[in-house]
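Read the structure below first, then the notes.
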Amino acid sequence: DLFVGEDPENLHRTMDFLDRVKADVAFARRVRCLRLHWAYESGEILDLVSRIFMTALPEFTALREFEWIGYPELQAEMVTALLNSHPCLSAVGLIGWHFDAIGISQFAALRRFTLRAEDDDGLADMDEIRAVLDANTRTLTHLTLGAHLGRPHSWDSAFGSPTIGALTRL
């Protein structure tokens, strides 16, 4: 778990970890699950850490599971970087306020997908959740969808996917 936020100690620890990943291939190869906890809205620190993370991402050669937790939500640019370096991830988790992960449905070998968002009016297309399920019909076994809404939900169409019948955990 890496933490990027207002606490300078956690920020320095994260930066040191990413530096080591880029310098030590054997160390980077040991990382199979990576969770990033974000607590920045915008600014130079966010841009810097994002750029450093994107350059370190390809070094995680054994990465199988990835979670993006917090704000800002996973954006299209980071989804593209993740797809380019790790197209065969088996688990992706997205936890934040909105669902902004445009292109996440390009992953086609997910066994586990988690999406927890407080609202569904993010940047991603309303059918992106259904597209993730449909793209992973043969592999997806675990699905977690969570939202806090008091109205009909745009993700409701996801439950029409044939993948729902094949899940072992919902």
task: Go through the steps to decide whether Leu11 and Val4 satisfy the test side-chain contact (heavy atoms from CB on, under 4.5 Å), and finish with yes or no.
output: CA-CA 5 Å; Leu11 180 60; Val4 180; 4.1 Å; yes
- prompt: Would Thr14 and Phe53 satisfy side-chain contact (heavy atoms from CB on, under 4.5 Å), going step by step from the backbone distance to the final call?
  reply: CA-CA 9 Å; Thr14 295; Phe53 175 70; over 6 Å; no
- prompt: Going through the distances and angles, do Val92 and Trp68 end up as a side-chain contact (heavy atoms from CB on, under 4.5 Å)?
  reply: CA-CA 8 Å; Val92 170; Trp68 184 283; over 6 Å; no
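- Scored by the side-chain contact (heavy atoms from CB on, under 4.5 Å) test, Ala131 finds Ser105 as partners (sequence neighbours excluded).
- Shown here are the side-chain contact (heavy atoms from CB on, under 4.5 Å) partners of Met54, two or more places apart in sequence or in another chain: Glu77, Met78, Ala81.
- Atom CG of Leu145 is separated from atom CG of Leu94 by 10.5 Å, given to the nearest 0.5 angstrom.
- Using a distance-only test at 3.5 Å, with no hydrogens or angles considered, a donor-acceptor pair links the side chain of Asn136 to the main chain of Ala109.
- For the pair Val132/Leu140, no side-chain contact is recorded, criterion being any heavy-atom separation below 4.5 Å from C-beta on.
- Evaluation of the salt bridge (charged side-chain N to carboxylate O under 4.0 Å, His left out) test over residues 26-40, restricted to residues two or more places apart or in two chains, returns Asp1-Arg35, Arg35-Glu67.
- The stretch residues 8-37 participates, sequence neighbours left out, in these ring pair (Phe, Tyr, Trp, His ring centres under 6.0 Å) pairs: Phe3-His37, Phe17-Phe27.
- Annotation: side chain to side chain donor-acceptor pair (under 3.5 Å) contacts of Thr137 (sequence neighbours excluded): Thr163.
- Qualifying side-chain contact (heavy atoms from CB on, under 4.5 Å) partners for Ala135, counting only residues two or more places apart in sequence or in other chains: none.
- For Glu59, there are no side chain to side chain donor-acceptor pair (under 3.5 Å) partners, not counting sequence neighbours.
- Leu57 contributes atom CG, which lies 11.5 Å from atom OG of Ser50 (distance to the nearest 0.5 angstrom).
- Contact between Phe113 and Ile104 at its shortest, heavy atoms only, is CE1-CG1, 4.4 Å.
- Scanning both residues, Thr139 and Ala108, for their nearest heavy atoms gives OG1-O, 4.1 Å.
- Going from atom CG of Leu82 over to atom CG of Leu63 covers 7.5 Å, rounded to the nearest 0.5 Å.
- Listed by chain and number, the residues in a side-chain contact (heavy atoms from CB on, under 4.5 Å) with Pro162 are Arg130, Asp134 (sequence neighbours excluded).
- Annotation: salt bridge (charged side-chain N to carboxylate O under 4.0 Å, His left out) contacts of Arg111 (sequence neighbours excluded): none.
- In terms of heavy atoms, Thr55 sits closest to Ile52 at OG1-O, 2.8 Å.
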- request: Given side-chain contact (heavy atoms from CB on, under 4.5 Å), test Arg112 with Ser90 step by step and report yes or no.
  value: CA-CA 6 Å; Arg112 198 168 63 230; Ser90 63; over 6 Å; no
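- Sequence neighbours left out, not one pair with a member in residues 78-87 passes side-chain hydrogen bond (donor to acceptor under 3.5 Å, both in side chains).
- Across every non-hydrogen atom of Leu133 and Ser161, the tightest pair is CB-OG, 3.5 Å.
- Listed by chain and number, the residues in a salt bridge (charged side-chain N to carboxylate O under 4.0 Å, His left out) with Asp19 amount to none (sequence neighbours excluded).
- For Asp24, the salt bridge (charged side-chain N to carboxylate O under 4.0 Å, His left out) test picks out Arg20, with sequence neighbours left out.
- Of all heavy-atom pairs spanning Gln106 and Leu83, the tightest one is CB-CD1, 3.4 Å.
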